[in-house]
There are 2 protein chains.
Amino acid sequence: MSWLETEIREQPAALARLLERQGGRPELAEPFRRDDVQYVLIASRGSSSNAARYAQYLLGRANRVPVMFATPSLYTIYGQPPRLDGAVVLGISQSGASPDVGAVLAEARRQGRPTIALTNDPGSPLAAEADLVLPLEAGEERAVAATKTYVNSLGAVALLFAAIGDDVVARDELARMPELLERQIELSFESAPPLEGYADAVGATVVARGVNYGTGFEIALKIRELSGLVVEAYSPADLMHGPIAAIRPGWPVIVVAPTGPAYESVAELLPALAEREARIVAVSDVPALLERVYTPLPLVPGVPEWLSPLTAVVPGQVTAMRIALLRGLDVDNPAGLRKITLTT
Amino acid sequence: MSWLETEIREQPAALARLLERQGGRPELAEPFRRDDVQYVLIASRGSSSNAARYAQYLLGRANRVPVMFATPSLYTIYGQPPRLDGAVVLGISQSGASPDVGAVLAEARRQGRPTIALTNDPGSPLAAEADLVLPLEAGEERAVAATKTYVNSLGAVALLFAAIGDDVVARDELARMPELLERQIELSFESAPPLEGYADAVGATVVARGVNYGTGFEIALKIRELSGLVVEAYSPADLMHGPIAAIRPGWPVIVVAPTGPAYESVAELLPALAEREARIVAVSDVPALLERVYTPLPLVPGVPEWLSPLTAVVPGQVTAMRIALLRGLDVDNPAGLRKITLTT
């Protein structure tokens, strides 16, 4: 078995470990509760930026304050970092090694702002810049493409959400996720649809919104990294403002549409996609949707919407792996990629 | 002549009109100077989101405060808008009609925060929600793809920058831009390179950083809207964190690399792109770079870096139009797109 498949299957155990070891840390909420906090600033790259998109919705709802992404070049290239009065600064990096992410936390600390690092390496440079470290507890990840570190980044964000709200219901719902994730992984492997129809695909477009906006980007990145296809992600609204022009007959469009407030917004796009004769792939727990699309990727039912990104990414991971295997590629070491990328 | 070409050629006159009519409004700086301002929040869609990326760098540098993008779904779908204490809220919309952009400004106003609208229609719903309106003064735009409204959105952001800093040098530099834009348009039409080699292209990737990060997205959107190719944009750092996997031999990569602090960061990517045998298109005023790439798209020299997005987009507009014409498409009415898109 490839490292990639091993690590996809390890995800429930990795998530359970995170919740067990890091679930009882009320002090993680303290920076967010400071009276002077008016927004959250997140620095990240790659898969961690997709976890950051989840944080943008979840922490925004927990704190009712806006969550923004840092523009590292203002810190590193232009040497004009902003004043960070009012900020809580969060760095998310599996390796904790990328200098640009570290530079944002170092500047925040210089300005006396509270800093938190979410990283799988508590001995990393990023962790050293942070007041609080939330270790991802994913264990060593050997495949270049992040899977269990990604899901545990989401789990860590969900832990922050539950801690900030001191929310017993949220904690209980989160505690059930390792089991639901286990069932999702079984379902995604067992129900794997034929993919031969995509053998000559050049690329695909993923559409998602709200709490799963980052799921769309992560599924796109996973297929792209593993198979070299040109895969991109959009919200339905952004796609309608011009980029839909590139959706041609036969082009695969993956809609991420779990039950929840964002469902309608994604489903509304289907007529416009049908008019362009796109081939629709649906990641959903809604039977009526799954029945009418070209390729159904079912989700286990009963996952609360705020936690649905932890399971909704799984069909994307499994599909990305299967497309790469169909194309005869090395799923553990995609051509030209490295596990740790250092950018400034 | 198509409306598109007419409007590309009208850009210098449209920019001059904006500067003349709206250049003497020091009150535009007032919301940004309030003692309680800790960040800027921008709501936008489509081309206006690319102007927003310019604002993220420019207003970030002018105010030394972070600039973030709104997540409209928290306002419209989830009904959980954030507390906006500390925010100045900017809406950018050519039509001023998109409900999601309007919803963010309406909420800001409800919370008593200062609001500014940049729109080409001062009678639009967006303008009605704003304390201050900065009309884009682009005149009627008939082609579906935005050109002069985009450049004037950049011009309006540059006006805000000069007003906030009360910066005489910046004002003088901005006043020279209609002439430099005129020369850029002439240069881009006169020096138009052969594009027949791209006749069978499926897509392209645009790479840009810093003040021109939004230029990369706008060039991608323009080619995509007009020709239906799958064109995407990345910063060099984001591309290196995985997405470079999709760059295959012969794939066109457009690097936006004007002289300035971000130049090296983009140029550093060239060896990795050469290793993947990408065909490089360079938008640059650096002769040594233009000489070594497959397709040079020259920029006029002498444009200050902070204003370079106003000229750097032009070769992208002209190239997008030429590719669409080569493919026999209607450049004024790309298939399936409308001038005004209403999303929530």
Side-chain angles (χ1 to χ4, degrees), chain A residues 38-39 41 45-47 49 56-57 60-61 63-66 68-74 77-78 80 82-87 100 202-203 209-210 221 224-226 228-232 235-238 240-246 248 261-262 265 272 275-276 334-337 341 343-344, chain B residues 38-39 41 45-47 49 56-57 60-61 63-66 68-74 77-78 80 82-87 100 202-203 209-210 221 224-226 228-232 235-238 240-246 248 261-262 265 272 275-276 334-337 341 343-344:
Chain A
Q38 303 199 326
Y39 65 93
L41 178 73
R45 291 283 183 202
S47 280
S49 289
Q56 186 168 40
Y57 285 86
R61 287 161 71 181
N63 282 336
R64 301 297 286 263
V65 294
M68 76 171 85
F69 304 132
T71 44
S73 71
L74 286 178
I77 293 181
Y78 291 101
Q80 294 188 307
R83 283 185 291 111
L84 299 173
D85 310 349
D100 39 11
V202 173
R209 198 170 183 193
L221 180 60
R224 185 168 181 131
E225 287 179 314
L226 291 172
L229 298 180
V230 182
V231 193
E232 54 182 16
S235 80
D238 286 329
M240 289 306 289
H241 281 266
I244 196 170
R248 67 192 69 188
S265 178
E275 202 177 300
R276 291 181 168 271
L337 299 188
T341 309
T343 51
T344 54
Chain B
Q38 303 200 326
Y39 65 92
L41 178 73
R45 290 282 183 204
S47 281
S49 289
Q56 186 168 41
Y57 285 87
R61 286 161 71 181
N63 283 337
R64 301 298 286 264
V65 294
M68 75 172 85
F69 304 133
T71 43
S73 70
L74 286 178
I77 293 181
Y78 291 101
Q80 294 188 307
R83 283 184 291 112
L84 298 174
D85 308 350
D100 40 8
V202 173
R209 197 172 184 192
L221 180 60
R224 182 169 182 132
E225 287 179 314
L226 291 171
L229 298 179
V230 181
V231 193
E232 54 180 16
S235 80
D238 286 328
M240 291 305 290
H241 281 266
I244 196 169
R248 65 192 72 185
S265 177
E275 201 176 298
R276 290 179 169 272
L337 299 187
T341 310
T343 51
T344 54

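Both the backbone and the side chain of A:R224 come within contact range of chain B, judged by heavy atoms closer than 4.5 Å. In this structure, chain B has a heavy atom under 4.5 Å from the side chain of A:E232, while its backbone stays farther away. In this structure, chain B has no heavy atom under 4.5 Å from any part of A:L226. Neither the backbone nor the side chain of A:S47 has a heavy atom closer than 4.5 Å to any heavy atom of chain B. In this structure, chain A has a heavy atom under 4.5 Å from the side chain of B:L221, while its backbone stays farther away. Residue A:P334: no heavy atom, backbone or side chain, is found under 4.5 Å from chain B.
Ranking A:P72, A:S265, A:A237, A:A262 against chain B, the residue ahead of the rest is A:A237, based on heavy-atom pairs under 4.5 Å. Ranked by heavy-atom pairs under 4.5 Å with chain A, the first of B:R209, B:E275, B:E225 is B:R209. Ranked by non-hydrogen atom pairs under 4.5 Å with chain B, the options A:P236, A:G228, A:G46, A:A335 are led by A:G228. Heavy-atom pairs under 4.5 Å with chain B were tallied for A:P243, A:P261, A:S49, A:A272; the largest tally goes to A:P243. Listed options A:G86, A:G203, A:S235, A:G242 were ranked by heavy-atom pairs under 4.5 angstrom with chain B; first place goes to A:G242.
Between the CZ atom in B:F69 and the CZ atom in A:F69 there is a gap of 10.5 Å [rounded to 0.5 Å]. One finds the OH atom of B:Y57 at 5.0 Å from the OG1 atom of A:T71 (value rounded to the nearest 0.5 Å). In this structure, CG in B:L41 is found 8.0 Å from CE in A:M68, a value given to the nearest 0.5 Å. The CZ atom of B:R64 sits 10.0 Å away from the CG atom of A:L84 when rounded to the nearest 0.5 Å.
B:Q38 approaches A:D85 most closely through the heavy-atom pair OE1-O, 3.4 Å. Across B:S73 and A:G210, no two heavy atoms sit closer than the pair OG-CA, 3.8 Å. Closest approach of B:R83 and A:V65 over heavy atoms only: NH2-CG1, 3.2 Å. Considering all non-hydrogen atoms of both residues, A:Q80 and B:R61 come closest at OE1-NE, 2.7 Å.
Taking B:Y39 as the reference, A:Y39 meet the ring-ring contact (aromatic ring centres under 6.0 Å, His included) condition, with sequence neighbours excluded. In this structure B:R45 satisfies the salt bridge (Lys or Arg N to Asp or Glu O under 4.0 Å) test together with A:D238, B:D100, sequence neighbours excluded.
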Would you check, one step at a time, whether the test side-chain contact (heavy atoms from CB on, under 4.5 Å) holds for A:R248 with B:V230? CA-CA 10 Å; A:R248 67 192 69 188; B:V230 181; 3.9 Å; yes
